[in-house]
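Scroll down for the structure; my scribbles are underneath it.
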There are 2 protein chains.
Amino acid sequence: MAAAGEVPGRGPRERMVFSAAQLIRRGGVGATGMRDVAAHARAPRGSLQHYFPGGKEELVAEAVEWAGRYAARRVGRFVAGLPEPKPSALFAAMVRQWTDEFAAQGATAGCPVAAAVVDCADAGEAARTAAAAAFAAWAAPVSRALTDMGVPSARADALATLMMGAVEGALLIARAERDTRALTVVAHELGPLLDAAVERR
Amino acid sequence: MAAAGEVPGRGPRERMVFSAAQLIRRGGVGATGMRDVAAHARAPRGSLQHYFPGGKEELVAEAVEWAGRYAARRVGRFVAGLPEPKPSALFAAMVRQWTDEFAAQGATAGCPVAAAVVDCADAGEAARTAAAAAFAAWAAPVSRALTDMGVPSARADALATLMMGAVEGALLIARAERDTRALTVVAHELGPLLDAAVERR
DNA sequence: CCGCTACTATGACACTCGTCATAATCGCGG
DNA sequence: CCGCGATTATGACGAGTGTCATAGTAGCGG
């Protein structure tokens, strides 16, 4: 996510985690080498085994967890910046994050969490657990935002899952087609359903 | 997809394509070696360069195309077997295909098309094109089924994209969580929306 | 039997990967 | 300056990869 060009973060460790997420979401876990991560983060290669004694599995897991926290933080910012707090508006903002990125830099990158799930053979079991945690961390603020907007709490979790799934799936299709069509279509079709779930009061 | 244990197909070439799809959807493109494919297909290793002179890229692309044709064929079978032809019933059948597989063999495998899109670095440009074609081949019968059920043709394509995206995304979440929850949730939440799109006549 | 084509067998090549071993360097407290 | 832990540097190793070269074996028309 983010501008993707620079490498923020204070310590070399954080930079490597960030770079790992960036590279993973582009080419997948298997295609992302440890040497590449160090180079992308402008970090010394020797630091890899120092900061990540668990090896690649640890680095990947932490990159995925970072992505989950990032997505959660991002949802909070979306909610705060909505003109009117409708579920469809939140969903549209989530989708627009990706359409904007496509417009800016092409369909070259996807979601690092999805990459970790698909590449589970290269990523190891720890990465799968981290992916589940990342999805949970992402779903929590979405669900809470929905309840704040008036969605019954019984349905909020389900709709949050639906929103995340729709975004991830549409993102896959959009990357394959090199076109934002799937993303915009999903946003347009799902919006009314989401707004219809808010209870009148 | 399918039972995944045996390797059907008449010629060695078809068996290798099938095996490639099977292995890709488990561990991703990068983790699937050519030697593994030949072994899984019980095909001689020397046949690889004979049948696929284009190398791994050709094999992966063909596996993805095969997956697209398989999904399309499967949709046709779903439509034919529906008790009553409602869009929600078709969607439920698409989802049940995955929940059944999870119940039978765990959350070890996903969609090979999704794997090819994520692992685009290992798969090459040809695989991405093949993935787009596979999604298109999959969407066509879904869209046609929707129009046959009474959905206005203007919305049928959009809803087909939504259905595919929701399945793919929920499949990702379900694999991460090792639980069919996301799949069943999506089926339950999206059903009414789909049925509401059929025009009264 | 010959010749030809389709297919298979096998080993090697060049390369990359993750990981480890070992040593050098830095930054400080004492 | 010494010592010591934290960090970095560098090279090597073994296992894997995809791909190629070369030879071998069927199977069949003539």
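Chain A is the first sequence line, chain B the second, and so forth, proteins listed ahead of strands; every chain is numbered from 1. In this text the structure is predicted, and so the values were computed from the model without any measurement.
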Protein heavy-atom contacts under 4.0 Å, written 5' to 3' over nucleotides 8-13 of chain D as B (base), S (sugar-phosphate only) or - (none), form the string BBBBB-

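The nearest whole Å value for the distance from the CD atom in A:Glu58 to the C1' atom in C:dG18 is 14 Å. Atom CG of B:Asp122 is separated from atom C1' of C:dT16 by 12 Å (rounded to the nearest Å). Taking atom CE on A:Met34 and atom P on C:dC20, their separation rounds to 12 Å, with Å as the unit. As rounded to whole Å, 12 Å separates atom P of C:dC20 from atom CG of A:Leu48. The distance between atom NZ of B:Lys56 and atom P of D:dT19, rounded to the nearest whole Å, is 8 Å.
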N/O donor-acceptor pairs under 3.5 Å from side chains in residues 81-94 of chain B, not counting sequence neighbours:
residue: B:Ser88; atom: OG; partner: B:Asp195; partner atom: OD1; Å: 3.3
residue: B:Ser88; atom: OG; partner: B:Asp195; partner atom: OD2; Å: 2.6

Per-pair distances, 0.1 Å, donor-acceptor, side chain in residues 123-133 of chain B, under 3.5 Å, sequence neighbours excluded:
residue: B:Glu125; atom: OE1; partner: A:Arg178; partner atom: NH2; Å: 3.0
residue: B:Glu125; atom: OE1; partner: B:Arg128; partner atom: NH1; Å: 3.4
residue: B:Glu125; atom: OE2; partner: B:Arg128; partner atom: NH1; Å: 2.3
residue: B:Arg128; atom: NE; partner: A:Ala176; partner atom: O; Å: 2.9
residue: B:Arg128; atom: NH2; partner: A:Ala176; partner atom: O; Å: 3.4
residue: B:Thr129; atom: OG1; partner: B:Glu125; partner atom: O; Å: 3.2

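Take A:Ala139 and apply the side chain to side chain contact (heavy atoms under 4.5 Å, CB included) test, not counting sequence neighbours, and it matches A:Met164. Scored by the side chain to side chain donor-acceptor pair (under 3.5 Å) test, A:Glu65 finds no partners at all (sequence neighbours excluded).
For residues 151-169 of chain A, the pairs satisfying salt bridge (Lys or Arg N to Asp or Glu O under 4.0 Å) are A:Arg155-B:Glu189, with sequence neighbours left out.
Taking the charged nitrogens against the carboxylate oxygens, B:Glu101 and B:Arg25 do have a contact shorter than 4.0 Å, which makes a salt bridge.
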